[in-house]
Amino acid sequence: MTRRELYFDEIKVGDKGISPSYTFTEERINAYAELTGDFTPVHVDEEYAKKTPFGTRVAHGLFGLSVADGLKTQSEYCFQPGMSLGWEWSFVLPIKIGDTCHIEFHVESVRASKSRPGWGIVIVPVELINQRGEVVQKGEHRVMVPCKPKD
């Protein structure tokens with residue numbers, strides 16, 4: 001299957017996508033802390049993290065969401081560039097150093113935009129899944145996608 005960015009008119013309820021994998025390394029977690037300024041000890045201090053319920057350092061929750069968003073754009077099933085309208089997102093389980101995750105998603109609903117002619121709104125439930133098949137984060141992405149241009 002070749003990668004093709006779909007217009008709103010081509011998106012169907014029930015369509016599914018699976019992304020490539022991403023490994024949460026110590027280096028990437030540290031880089032995220034540097035990028036965001038979030039040096040909460042459970043993310044960057046192993047001695048501190050050993051005393052938490054996680055027992056070890058874990059990735060930032062928003063790092064997981066950021067990766068999930070990026071992985072969605074790498075799926076063979078993807079949309080034309082549009083506008084994110086927002087996320088509803090839950091942190092289900094910790095993402096530990098060395099976890100390799102991918103996302104699985106499907107199209108739950110589609111509707112024409114009431115405020116922007118030529119655009120549609122797509123609701124996409126997403127799960128971030130680790131190498132053990134556990135859902136570590138999940139939620140819903142609301143995306144505005146352009147309709148196919150009239151020739």
Side-chain angles (χ1 to χ4, degrees), residues 1-46 49 52-111 113 118-149:
M1 179 176 174
T2 58
R3 180 178 158 89
R4 189 170 72 84
E5 295 176 336
L6 301 173
Y7 288 98
F8 174 74
D9 325 67
E10 300 170 309
I11 298 167
K12 306 289 182 248
V13 170
D15 287 353
K16 295 181 180 182
I18 298 175
S19 76
S21 296
Y22 180 94
T23 300
F24 289 84
T25 64
E26 181 177 18
E27 295 77 21
R28 288 173 168 174
I29 293 169
N30 289 340
Y32 187 84
E34 280 290 329
L35 178 67
T36 62
D38 181 351
F39 295 98
T40 304
V42 73
H43 306 305
V44 298
D45 182 339
E46 185 61 34
T52 70
F54 305 125
T56 189
R57 290 174 54 193
V58 296
H60 304 70
L62 292 176
F63 186 21
L65 172 57
S66 296
V67 167
D69 189 40
L71 287 174
K72 192 165 60 61
T73 67
Q74 296 174 45
S75 168
E76 287 184 3
Y77 183 91
C78 61
F79 311 133
Q80 285 287 323
M83 294 175 258
S84 177
L85 299 176
W87 286 86
E88 298 288 330
W89 200 245
S90 297
F91 308 133
V92 180
L93 293 171
I95 300 170
K96 297 181 178 180
I97 294 173
D99 277 354
T100 298
C101 298
H102 72 281
I103 64 159
E104 297 182 13
F105 62 93
H106 69 276
V107 175
E108 183 173 85
S109 67
V110 295
R111 72 169 176 82
S113 173
W119 291 79
I121 297 172
V122 183
I123 306 298
V124 184
V126 179
E127 293 182 328
L128 183 64
I129 302 167
N130 68 17
Q131 71 277 8
R132 292 178 295 283
E134 300 166 325
V135 174
V136 294
Q137 295 186 0
K138 67 180 181 176
E140 181 180 277
H141 192 196
R142 293 177 312 283
V143 187
M144 190 174 289
V145 180
C147 294
K148 196 170 196 169

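Keep in mind the model is a prediction, meaning the values are calculated, not measured.
Remark: D38 engages T40 in a side-chain hydrogen bond (donor to acceptor under 3.5 Å, both in side chains) (not counting sequence neighbours). Partners of F54 by side-chain contact (heavy atoms from CB on, under 4.5 Å), not counting sequence neighbours, listed by chain and number: V42, T52, V58, P94. For T56, the side-chain hydrogen bond (donor to acceptor under 3.5 Å, both in side chains) criterion is met by E46, not counting sequence neighbours. For T23, the side-chain hydrogen bond (donor to acceptor under 3.5 Å, both in side chains) partners two or more places apart in sequence, or in a different chain, are T100. Residues passing the ring-ring contact (aromatic ring centres under 6.0 Å, His included) test with H102: none are found, sequence neighbours excluded. Residues passing the side-chain contact (heavy atoms from CB on, under 4.5 Å) test with E26, sequence neighbours excluded: N30, R57, I97. Looking at residues two or more places apart in sequence or on another chain, you find a side-chain hydrogen bond (donor to acceptor under 3.5 Å, both in side chains) between E10 and R4. Residues meeting the salt bridge (charged side-chain N to carboxylate O under 4.0 Å, His left out) test with E140, sequence neighbours left out: none.
Although no hydrogens or angles enter the test, the distance criterion places a donor-acceptor pair under 3.5 Å between the side chain of S19 and the main chain of I103.
For the pair K12 and Y77, the tightest heavy-atom approach, listed with the atom from each and the gap, is N-OH, 4.1 Å. What you find for V143 and K72 is that their closest heavy atoms are CG2-NZ, 4.4 Å. The two residues V145 and Y7 come nearest to each other via the heavy atoms CG1-C, 4.2 Å. Taking all atoms of both residues into account, the shortest heavy-atom contact from P146 to G82 is CD-CA, 4.3 Å. For the pair C101 and F24, the tightest heavy-atom approach, listed with the atom from each and the gap, is SG-CE1, 3.8 Å. Across I129 and E104, no two heavy atoms sit closer than the pair CD1-CD, 3.6 Å.
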What's the verdict on side-chain contact (heavy atoms from CB on, under 4.5 Å) for Y22 and Q74, showing C-alpha distance, side-chain angles and the deciding distance?
CA-CA 11 Å; Y22 180 94; Q74 296 174 45; over 6 Å; no
Between D45 and F39, does a side-chain contact (heavy atoms from CB on, under 4.5 Å) hold up when you go through it step by step?
CA-CA 9 Å; D45 182 339; F39 295 98; over 6 Å; no
side-chain contact (heavy atoms from CB on, under 4.5 Å) between N130 and I95, worked out
CA-CA 8 Å; N130 68 17; I95 300 170; over 6 Å; no
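Screening residues 120-136 for salt bridge (charged side-chain N to carboxylate O under 4.0 Å, His left out) gives D99-R132, R132-E134 as the qualifying pairs, with residues at least two apart or on separate chains. Sorted by first and then second residue, the side chain to side chain donor-acceptor pair (under 3.5 Å) pairs involving residues 82-95 (not counting sequence neighbours) are S84-H141, W87-H141, W89-Q137.
Around the NZ atom of K138, the shell of radius 6.0 Å holds no more than 12 heavy atoms that belong to other residues, nucleotides or ligands.
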Output side-chain donor-acceptor pairs under 3.5 Å for residues 63-71, partner residues at least two apart or in another chain, one line each.
residue, atom, partner, partner atom, Å
S66, OG, L62, O, 3.0

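Annotation: side chain of I18 is not in contact with side chain of F105 (no heavy-atom distance under 4.5 Å).
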